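To start, the structure itself, in structure tokens.
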Amino acid sequence: MVFNLLHVAVREALKERGIEEPTEPQAKAIPEILEGNNVLIIAPTGSGKTEAAMLPILSKMLEQGTENAGIYVLYITPLRALNRDLLDRIRWWGERLGFRVDVRHGDTDKADRQRQSKTPPHILITTPEMLQAVMTGRRLLGHLKEVRWVVVDEVHELAEDKRGVQLSLALERLRYHVGRDFQIVGLSATVGSPVEVAKFLMGVGRPFKIVMVNVVRNMQLDVVRPWPSEEDVKLAESSGLFPDVVARLRLIKKLVEENRSTLIFVNTRSMAELLGFRLSYLFPDLPVAVHHSSLSKMVRVSVEERLKKGDLKAVVATSSLELGIDIGHIDLVIQYISPHQVTRLLQRVGRSGHRLTAVPKGVIIGEDINDVMEAAVVVKLAKNGFIEPTQIPYKPYDVLVNQIVAFLLLKPRWRLEELYEIIKRAYPYRDLTIEELRRVVKFMQDLYPRLATYFEDSDTVARPRGRGFYRYFYETLSMIPDERQYAVINSKTGELVGALDESFIAEYGNPGVKFIFRGRPWLITEVDDRSIKVVEVSDPSGAIPSWIGEEIPVPYEVAQEVGRLRRRVREGATPEDIAREYHVNEETAKHIVEEVKKHEGPLPDDKTVVVEQFRENVVIVHAAFGTLVNRTLGKLLGELLIRLLEKPVGVHQDPYGIIIQTSEALAAELVTEQLEKLAWMEVREIAELIKTALVKSGSFKRRLLHVAKRMGAVDKEADVYSVSMSKLVEAFSGTPVFDEALREALERDLDLSHTVEVLQRIKAREVKILYSPQPTYLGEVLYEKLSHRLEIIPPERLRRLVLDSTKARLLNYTMLGVCLECGWYGLVRVGEVYELRCPKCGGENIGVVRVVRSDNLEREVRRNYEEVKKTAEILRRYGWLGLYVLASRLPLEAVQEVLAQLDGADINAVTERIQELEKEYLKQRLLD
DNA sequence: GACCTGCTGCGGAGTG
């Protein structure tokens, strides 16, 4: 019994808690940690991982003593919300055993921070970013000298991210600072590459043990595709929804009612809103709420608490509830629509049933038949033990720059060789050469303001003079880029039509571009740093859908397996075979078989690419290679065809096919030839070709900008609108900024290595290319899916669409309200009638300031206080109408003037006048 | 024949 190995005081505390039996990860991990090993614990959220790590550490603290003042344990989690949950959990043990436990992150107030630096806690819970800051304080650095244990929670989340790379270098720096090694315990959900993740956590050359709990083994997984019953049809008629939709909603209701507590995961925020809306619309008595990142922190916390208390029976969530935030016990997870990836499925379903004996239960509800096939494949892969491999960023230069600055803050001068030896121990930089490091350091010297000074003769790097150096560091504590949102404003009416992401603006945000938004075509007339102005047009031809980005990427392995499933059916597998092999019920299996059989002609599968002459000017390449490979292939084919034809070539793709379209005729044979040509190209040539195509894209500009900001080469305030693409590319070409942006794009947006593998299989004739002179069934399905994006919705359908329409994007339009009398501040929702009284002191002198999506409201208040004061007057005089005014982006002075003229007029008159004013204003700006 | 069209995360210290 492993608990007997623990210190007697810990055992007594266990008894007090009523814990008698260890969970599986605890039983396996406790002895290893007690022996002093570095350990990575892989087990689902809620299986007692925190205690598995902390009980032996507490036990060792009691044995070894903690006489010196200082921090003995660092507990790092990627979320502030987890920090808070853990504080409650660990503090209980601290109180029993005589250790101070504290938390420190962006929301921690000044008094607490000061208290901590004077009287350090024995155990400090914090975020990776705050660790960066903590390591610059003289006093706190002294406290850190005592660090003996570091626990990193949710390692899988950090390992794939630059945040994690930053942490890996911070831990190496911490080791240098304390002058010895410390014991590391990592906690992770199920991952595809446990050894890689462990190496990432521990650093190069340090031994470790991995403790793994097999989650899939007793996970209960089902894929269902409900068919409408008579009752569903009836309800559909009365509710105005479609029978299929009603069938799915009623299935969800039934499942929610059968269980005590259910999590419903969806893939997008708008789907969360839509599903939440429809459930409460059809079943007003069903206690369901919605949870995603566009909702304010207050709303989210309240949803979490109501679920925990049992006031809510279910929550519809995006990945916002994937990590281990405490929401109490969950009996069932519903995944609405295919999760696309095995890791996502396991992580999400793993949130249910975590008591010792409870079985995690997951039901995937498929939407259409393709969706069901993919879901079945994901389940099969999971059951077979497949998980997508973990991709750890490979020696990113931007994080390196950031951390060299941090090293220079710790010690003002370094021999490059010494620095190099430390950096190389961080796993992402295992292959870094000293020449590369020197190049990056020289680049830092060339920046203005300088981020480093390099001395050639002694080969040393030193801290530069001046404030710019410190400013850069404190402004760049985080590797997460600030993503801006742009208001879409109807320049005729001045109405706020909605909001678009930076990614769309980067790619297409130019005057003259036509795009589809909220079901209608619009023309961009003007773009500035916060909004785009548009006019409605009638002709949708050539318009770009505003949601142009694809869905969550479907991995290569999943897409290939879907191809194999098609082949199984073509080779004569019966519904019974399919049901057995793919864990779907027989009804679903029967439909899968029927669907595949509808396809006549050559069938695209895992080993067959079919090039189809779909229209005279449209060629479809059926390829079951997944999102990233198809995107790469699409770019390559597009680039070759543009060179050949010297005219525009449109390329769209999804995980199972690529659609190529030209203005004039395009022969399928020509596309086949290009594919063959690619298969015979050298890898180096392919890489060059893809780089050429990549650099042209707007998304590359965006990456370049983010990277440049992280490297201190571009001001933090710059945005995709204010910086010219060509200048950016020109300025950074040949520098580490450019190299890093390219590397990141190749690593995240494309998949060159699997593409090369596919091309080699084509060359070796393991993958056949077949030709179809006519449109096929699967071609129709694919074309339909990608082309109806451009469809215009007739007015009679618009009403329902508006009724359903999600406010997810508009929810981002939250404003910050500040009471100028008592200092209260909080979020104010645009468009809601707002009581202009301070909830705290009742005062009416409240100011509002620009859209924020920040949890750190205090900082926003500090930054924007002057603007807040200006708006307060407008609001006090014009009530909630003032909010509308402020959201309309008219200059404040102009609004003030008109409102003063119309003082006392009724609201409609004022609204009308403001709209007129906006029109004039916009017209004038257009003429300018 | 319509329903839908990627998510999440962070943010100075210590002294004056």
Side-chain angles (χ1 to χ4, degrees), chain A residues 77-83 104-108 110 113-114 116-118 126-141 154 157-158 160-164 166-167 236 240-246 248-249 265-275 278 292-294 317-323 325 336-337 339-341 344 347 367-368 371 409 470-471 473-483 501 503 516 519 545-554 627 654 716 784-786 788-789 791 793 797 800-801 804-806 808 853-856 858-860 863:
Chain A
T77 86
L79 302 186
R80 287 183 301 228
L82 285 174
N83 271 209
R104 187 190 189 95
H105 53 62
D107 293 344
T108 310
K110 229 176 173 175
R113 293 185 189 198
Q114 275 175 357
Q116 289 168 4
S117 78
K118 283 188 189 136
T126 190
T127 60
E129 286 76 11
M130 192 50 91
L131 178 62
Q132 293 293 328
V134 164
M135 283 178 70
T136 62
R138 203 170 287 276
R139 208 182 254 173
L140 285 167
L141 267 174
E154 312 277 4
E157 192 69 16
L158 290 167
E160 297 215 296
D161 198 294
K162 287 188 175 177
R163 294 181 73 191
Q166 190 190 32
L167 178 64
L241 294 169
F242 288 88
D244 284 15
V245 175
V246 172
R248 292 197 291 269
L249 291 171
F265 278 109
V266 292
N267 296 334
T268 67
R269 289 188 296 237
S270 24
M271 186 58 92
E273 289 288 341
L274 183 70
L275 192 58
R278 285 181 173 172
H292 56 73
S293 72
S294 290
T318 61
S319 31
S320 59
L321 283 181
E322 247 174 43
L323 296 187
I325 298 168
Y336 189 75
I337 302 180
H340 301 310
Q341 299 170 353
R344 240 164 235 281
Q347 175 74 24
E367 205 171 29
D368 57 34
D371 195 48
L409 279 167
Y470 295 92
R471 220 193 82 192
F473 183 74
Y474 288 122
E475 279 182 357
T476 322
L477 283 176
S478 169
M479 295 293 101
I480 302 169
D482 289 324
E483 299 269 358
D501 294 335
S503 57
I516 306 279
S546 58
W547 50 90
I548 189 82
E550 285 89 16
E551 259 260 23
I552 297 172
V554 174
T627 307
D654 92 338
K716 281 292 242 180
E784 169 82 8
K785 192 179 155 200
L786 288 177
H788 86 249
R789 293 173 159 187
E791 189 191 13
I793 298 167
R797 264 171 40 212
R800 244 220 17 263
L801 193 79
D804 282 3
S805 162
T806 149
R853 200 182 133 195
S854 164
D855 286 344
N856 194 341
E858 193 191 334
R859 192 179 51 216
E860 299 295 335
R863 277 188 193 164

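So that the names make sense, note that chain A is the first sequence line, chain B the second, and so on, each numbered from 1. Predicted model, so just to flag it, every value in this text is computed and none were measured. The figures here come from the full heavy-atom set of this structure, side chains too, leaving out hydrogens, waters and symmetry mates.
Phosphate contact (OP1/OP2 of B:dG9, side-chain N/O of A:Arg80, threshold under 4.0 Å): absent. Regarding contacts with the backbone of B:dG11, every side-chain N or O of A:Arg163 stays at 4.0 angstrom or more from both OP1 and OP2. Taking 4.0 angstrom as the limit, A:Arg138 places none of its side-chain polar atoms (N or O) nearer than this to OP1 or OP2 of B:dT15. Contact check, A:Thr318 against B:dT8: a side-chain N or O comes under 4.0 Å of OP1 or OP2. Contact annotation: A:Arg139 side-chain N/O to B:dA13 OP1/OP2 distance is not under 4.0 Å. Remark: A:Thr268 is not in phosphate contact with B:dT5, judged by side-chain N or O atoms under 4.0 Å from OP1 or OP2.
The residue A:His105 sits close only to the backbone: its heavy atoms come under 4.0 Å of sugar-phosphate atoms, none of a base. Residue contacts for A:Pro128: at a heavy-atom cut-off of 4.0 Å it reaches no nucleic acid atom on any strand shown. Residue A:Ile337 is out of contact with every strand shown, counting any heavy-atom pair closer than 4.0 Å. Note on A:Glu475: a base of the nucleic acid sits closer than 4.0 angstrom, heavy atoms only.
As rounded to whole Å, 10 Å separates atom C1' of B:dC10 from atom NZ of A:Lys716. Distance A:Glu157 CD to B:dT8 P: 11 Å, rounded to the nearest Å. Distance, A:Tyr474 OH to B:dG14 P: 9 Å, rounded to whole Å.
With B:dC3, B:dA13, B:dG9 as the candidates, the nucleotide lying closest to the side chain of A:Val245 is B:dC3. Side-chain atoms of A:Ser319 lie closest to B:dT8 of the nucleotides B:dT8, B:dC3, B:dG11. The listed nucleotides are B:dA2, B:dT8, B:dC10; the one nearest the side chain of A:Thr127 is B:dC10. When the nucleotides B:dG9, B:dT8, B:dG14 are ranked by their closest atom to the side chain of A:Leu79, B:dG9 comes out on top. The listed nucleotides are B:dA13, B:dG9, B:dC7; the one nearest the side chain of A:Arg344 is B:dC7. The A:Glu367 side chain lies nearest to B:dC3 when the options are B:dC3, B:dC10, B:dC7.
Within the 3.5 Å criterion, the main-chain N or O of A:Phe473 finds no donor-acceptor partner in the side chain of A:Thr476.
When the salt bridge (Lys or Arg N to Asp or Glu O under 4.0 Å) test is applied to A:Glu322, the partners found at least two apart in sequence or on another chain are A:Arg344, A:Arg348.
In this structure, A:Thr77 and A:Glu154 have side chains that are not in contact, with every pair of non-hydrogen atoms separated by 4.5 Å or more.
Of the residues A:Leu167, A:Leu477, A:Asn83, the one that meets the side chain to side chain contact (heavy atoms under 4.5 Å, CB included) test with A:Thr127 is A:Asn83.
Against the 90° criterion about 0, the sugar-base torsion of B:dG12 places it in the syn range.
Residue pairs meeting the salt bridge (charged side-chain N to carboxylate O under 4.0 Å, His left out) criterion with at least one member in residues 129-138 of chain A, sequence neighbours excluded, are A:Glu129-A:Arg163.
Nearest-nucleotide mapping onto DNA chain B: of A:Gln114 and A:Gln341, the residue sitting toward the 5' end is A:Gln341.
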